[in-house]
**Student:** 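Provided herewith is a single structure, encoded as structure tokens, for subsequent inquiry.
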Amino acid sequence: MDLLSNLGLGFATAASPENLLFCLIGVILGTLIGVLPGIGATATIAMLLPITFQLEPVSSLIMLAGIYYGAQYGGSTTAILINMPGESSSAVTAIDGYQMARKGKAGTALAVAALGSFFAGTVATLLVAIFAPPLTVIALKFGAAEYFSLMLLGLVSAIALAHGSILKALAMVVLGLLLGVVGTDIYTGTQRFTFGITAYADGLSFVALAVGVFGIAEILRNLEGEQDRTVLGTKLGALWPSRADLKAMIAPMLRGTALGSALGILPGGGAVLAAFASYTVEKRLSKTPEAFGKGAIAGVAGPESANNAGAQTSFIPLLTLGIPANPVMALMVGAMIIQGIVPGPNVATDQPALFWGIIASMWIGNLMLIVLNLPLIGLWVKLLKVPYHVLFPIIMAFCSIGVYSVNSNVYDLYAVAAFGLLGYVLLKLRCEPAPLLLGFVLGPLLEENLRRAMILGRGDPSVFLTRPISAGLLVLTLLVLVVVLLPSVNKKRAEVFSESD
Amino acid sequence: MDRINKADFTAGLLFILFGLCFGASALGLEMGTTLRMGPGYFPMVLAVVLTGLGLAISATAFRTGGEAVGTYAWRGMVFILGAPVFFGLTVRGLGFVPSLFLTTLIAALAGLKLKPLYAVGLAVAVTLFCTLVFSVALGLPFRRFGPWLPIMGG
Amino acid sequence: MALSLKIAALAAAAAFAASTAFAEGYPDRSITMVVPFSAGGPTDTVGRLIAEKMSADLGQQIIVENVGGAGGTLGAGQVAAAEADGYTILLHHIGMATSATLYRSLAYKPLEAFEYVGLVTEVPMTLVARKDFEPTDMASMVAYVKENADTITMANAGIGAASHLCGMLFMQAVEAPIVTVPYKGTGPAMTELLGGQIDIMCDQSTNTAEQIKGGTIKAYAVTSPARLDIFPDLPTVAEAGLPGMEVSIWHGIYTPKGTPAEANDRLSAALQKALADPEIVAKFAELGTAPSAAADATPAALKAKLEAEIARWKPVIETAGVYAD
């Protein structure tokens, strides 16, 4: 069979001692840098890109890919331990992962995240190998109207992220959308809401927003009353998931993998949506939706699987079309070009060893990660024993470096402080940051595609309904809206009588 | 227990404030038509929706009853938020090493538990570690000592 | 504004430092090359390739620093305000010339804030369309576009991007107002072209070469004065009947105003040597471009190019009435 011989070639390439070594170096470097607070995959790759330029093309790409998954693992670790997501997908992990850590189940959360990621990575790698070309065709069917409908679906699902007031969650989404449109309007070049600061012309930094509203707000809350409160550093609890925990994570893991694999292929916000969508699905299907936001295992297993599956399948458009699906993939394109490989539809036929080598290395990299990370969980959890008043200055130092290193832009650092304040105030007012973050990521995409769809559709809004994929997504959006809102309306009624919480 | 839920009420006001600010700012932008939406179209719609949601949240505050907002970490806000700002202001002028050292020290001041000497020790350790990792090992293009320090410049 | 104040203060400090800092034996420490775009982008690629070779000749490392944002004007502004000691250099592309008109409130004056080192390379562009676009050659395509102007859509990578400049020239050449659809960068635009969501676009040969070879998009012409080695069958715009539509994304190296001529000349010599290196020639060829000739890799040639290009694009941009701020 073709696939077998191709995979054989891939594994032969990826398993050469040299490439194994670079894969290992990549995942270790990625994990180490990713685990530093405030530094996610994008910042990590941007930082480490130059050191890969001296290597052979295959080795260099294998190492970069390793850094990518490594940083994602590392990013989830900080999200769980100190509520500091390095990127949008681990923002979802932070919701329940951090609550688990506060309850002394940090080890379990980390293990669940690692196992979920590994499973998802394995499945998604297989999908990439088998379905890369046909899946690409689907991704190409997505035009502006389809993207708009997909983003809308994502936003509606944000309602489920909230475990408090739905109104507040909606307001946070809208505020996030507004913050997302700050910067230059690509259609007219007009500067919007930048206060005349050119440094914000490309929009506010995502890393700055995530670090500010999640991490810094959390530090400030922990400083209230100055009593090293919360469970951090007090009880560590069991390191490993119990049998019941493992059982509870299987279904969410499977669903998360499916969602992530499907959405990861779409260029743009696909992989981001996957983690959020998985959380929504799990909360909806759960028998105990009230546990979400308070440390539900499914709330960690699902999104973590989804985000890792999405991370793998986002290589599909890169490998088959030469088109980057996200900023990290754009950096990979840069790395390929500097190595003299121009990514495009011919890479698979012209450079089979490279193409299949990368795919095989994905699985090897994931295997290495789990082997490395499971024993390390004990070490990470011990970090929680470091007294908080020693930990937070260190966190602040890393955050400052991480945010600055992405674009050498000092205004991003000022944005961190502003978002830290905003996040803290909103936290005090019982508004949750996750919907804000989702809105921020989707805001520019939503507007861009809405306007593009209107231009391409000659100003006729019916394009959203006449194009079948778009119409299907809109129907799904409506369904989600009904399903999400109905029970909460009923619950409201119930609360009036029971007067709880 | 207050009659009004202060957290909800304030949150509502905050959203209204944001809505009005963005809305007012969007007034200065072109609205365009449905075919060619201007840069102000989408933000204006959002600003109106946000203001509306803010109003609704404030209104519910009168129905739900109060819960305490608690104390604010004023000292923390000054020093924690000041740290990245300080880093931004000085990283180019002072250079990476002195700027990071002072940034860590400022952040350490946010807590009351850390004794001054320990704080200095911590800042030294963090600076040393970060310089080795980011500047030496990863070769990030940071200037270790900046032009504001003439003797060490270069 | 706070920013311009700060830049002024920095510039003053830099001028003072420059008078004392330049020493014999330049360079005696590492040089920072500011690339005003993100790491991994096409300009960054050119910068890193050339920096490595120039380092070898200078005997000092050139460290690439990516200062992205606002169409390259942030990084350029940073270099304009840097010490003029020869240890901070800027690699910028055609955006240096167009930003002079596109941005009405730049913190620096492109023609006055820099000294020149030399041209690095000129990357040509290609005029491409979705693969099932009807016209078969450039002449029929122009006729087709004129006839169906109101249904044809043209992608670009945002205001002031090379694809946008090329598009403006194309529209002025065919005298038809096509519907333009901006994207965030050429990547997403190419995806939609591949998917047939949009009809035509201009993009640099670096991005289109593989797609054209793979038959996933249709090419009509190259915007260079001569045909490209990688596409011997593809006519130039002049051959195809659209003279004056030549566009290239030219890259040059600059230093802050006041940098001693010795430093610029030394850098220029290193640049010429690097551009003649067979490895650079080979790598540039893979990118669909070629290194600039030694005669162009000089301060005088870059200065002339910048002046000519600013003058060329000013009316084009003003006619279109688009500004980036």
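Lettering follows sequence order; numbering is per chain, from 1.
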**Student:** Taking all non-hydrogen atoms of both residues into account, name the closest pair between A:Phe142 and C:Glu192 and its distance.
**Tutor:** O-OE2, 3.5 Å
**Student:** Looking at C:Asp229, I want to see if its CG is surrounded by more than 12 non-hydrogen atoms of other residues, nucleotides or ligands under 6.0 Å.
**Tutor:** no
**Student:** Quick check on C:Val67 against chain A: is it the side chain, the backbone, both or neither that has a heavy atom closer than 4.5 Å?
**Tutor:** both
**Student:** Looking at C:Val179, C:Thr180, C:Asn156, C:Val181, which one has more heavy-atom pairs under 4.5 Å with chain A than the rest?
**Tutor:** C:Val181
**Student:** Got a sec, which residues hit salt bridge (charged side-chain N to carboxylate O under 4.0 Å, His left out) with A:Glu146, two or more places apart in sequence or on another chain?
**Tutor:** A:Arg467
**Student:** At a 4.5 Å cut-off on heavy atoms, which part of A:Tyr200 comes close to chain C: side chain, backbone, both, or neither?
**Tutor:** neither
**Student:** By a 4.5 Å heavy-atom criterion (distance strictly below it), what part of A:Thr194 contacts chain C: side chain, backbone, both, or neither?
**Tutor:** neither
**Student:** Tabulate, in ascending numerical order, the residues of residues 450-463 of chain A having at least one heavy atom closer than 4.5 Å to a heavy atom of chain C, or enter 'none'.
**Tutor:** A:Arg452, A:Ile455, A:Leu456, A:Arg458
**Student:** If the condition is side chain to side chain donor-acceptor pair (under 3.5 Å), which residues does A:Thr184 pass it with, not counting sequence neighbours?
**Tutor:** A:Gln191
**Student:** What part of C:Ile152 gets closer than 4.5 Å to chain A, counting heavy atoms only: side chain, backbone, both or neither?
**Tutor:** backbone
**Student:** Apply side chain to side chain donor-acceptor pair (under 3.5 Å) to A:Ser408 and list each qualifying residue two or more places apart in sequence or on a separate chain.
**Tutor:** C:Glu65
**Student:** Name the region of C:Phe284, side chain, backbone, both or neither, that has any atom closer than 4.5 Å to a heavy atom of chain A.
**Tutor:** neither
**Student:** With a 4.5 Å cut-off on side-chain heavy atoms, are A:Glu448 and C:Pro188 touching?
**Tutor:** no
**Student:** Counting only heavy atoms closer than 4.5 Å, note whether C:Asp150 contacts chain A via side chain, backbone, both or neither.
**Tutor:** backbone
